[in-house]
A.B. asks: 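Below: one structure in structure tokens.
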Amino acid sequence: MADAWAWEYDPDPEYVIGGIDNLAFIARVEERADELVRAAAALYLDGAKYTGASPRMQEETVDASGMFVYQVLPRHQRVHIRQVAFLGL
């Protein structure tokens, strides 16, 4: 049985969100990541057997306070959060 869809910071949380001390902003990023996982699981019903090219990296705005860059990897059934920027607005 294939692993369930999930998201993760890539390469790790310290690299991606280290130095951002606004926990409310990080919580909003992670809530949006949960939504992206649900959408990817619905779009790629059997992601482990997916044979097409992986989608390109995309950007997601989080309120007016920042944004993050992510990539969906269907064969691994993962959404990788690659970069997070907090603007402090």
A.B. asks: Roughly how far, to the nearest 0.5 Å, is CD1 of Ile20 from CD1 of Ile26?
C.D. replies: 5.5 Å
A.B. asks: Tell me the closest heavy-atom pair linking Asp63 and Thr61, and the distance in Å.
C.D. replies: O-CG2, 3.0 Å
A.B. asks: To the closest 0.5 Å, what do you measure between CG (Asp10) and CD (Glu8)?
C.D. replies: 6.5 Å
A.B. asks: Regarding Arg28 and Ser65, do their side chains bring together a donor and an acceptor under 3.5 Å, going by distance alone?
C.D. replies: yes
A.B. asks: Starting at CD of Glu35, measure out to CD of Glu60 and round the result to the nearest 0.5 Å.
C.D. replies: 8.0 Å
A.B. asks: How far apart are the closest heavy atoms of Met67 and Phe25, and which atoms are they?
C.D. replies: N-CZ, 4.1 Å
A.B. asks: State, to 0.1 Å, how close Ser54 and Arg75 come at their nearest heavy-atom pair, and which atoms those are.
C.D. replies: OG-NH2, 3.4 Å
A.B. asks: By the definition side-chain hydrogen bond (donor to acceptor under 3.5 Å, both in side chains), identify the one residue from Glu30, Gln83, Arg82 that meets it with Tyr9.
C.D. replies: Glu30
A.B. asks: For the pair Trp5 and Tyr44, name the ring-plane relationship: parallel under 30°, tilted 30 to 60°, perpendicular over 60°.
C.D. replies: parallel
A.B. asks: Look at the side chain of Asp12 and the backbone N and O of Glu14, then say whether any donor-acceptor pair between them is shorter than 3.5 Å.
C.D. replies: yes
A.B. asks: Work out which heavy atom in Val72 is nearest to a heavy atom in Ala40; give both atom names and the distance.
C.D. replies: CG1-CB, 4.0 Å
A.B. asks: Would you say Gln71's side chain and Gln58's backbone share a donor-acceptor pair under 3.5 angstrom?
C.D. replies: no
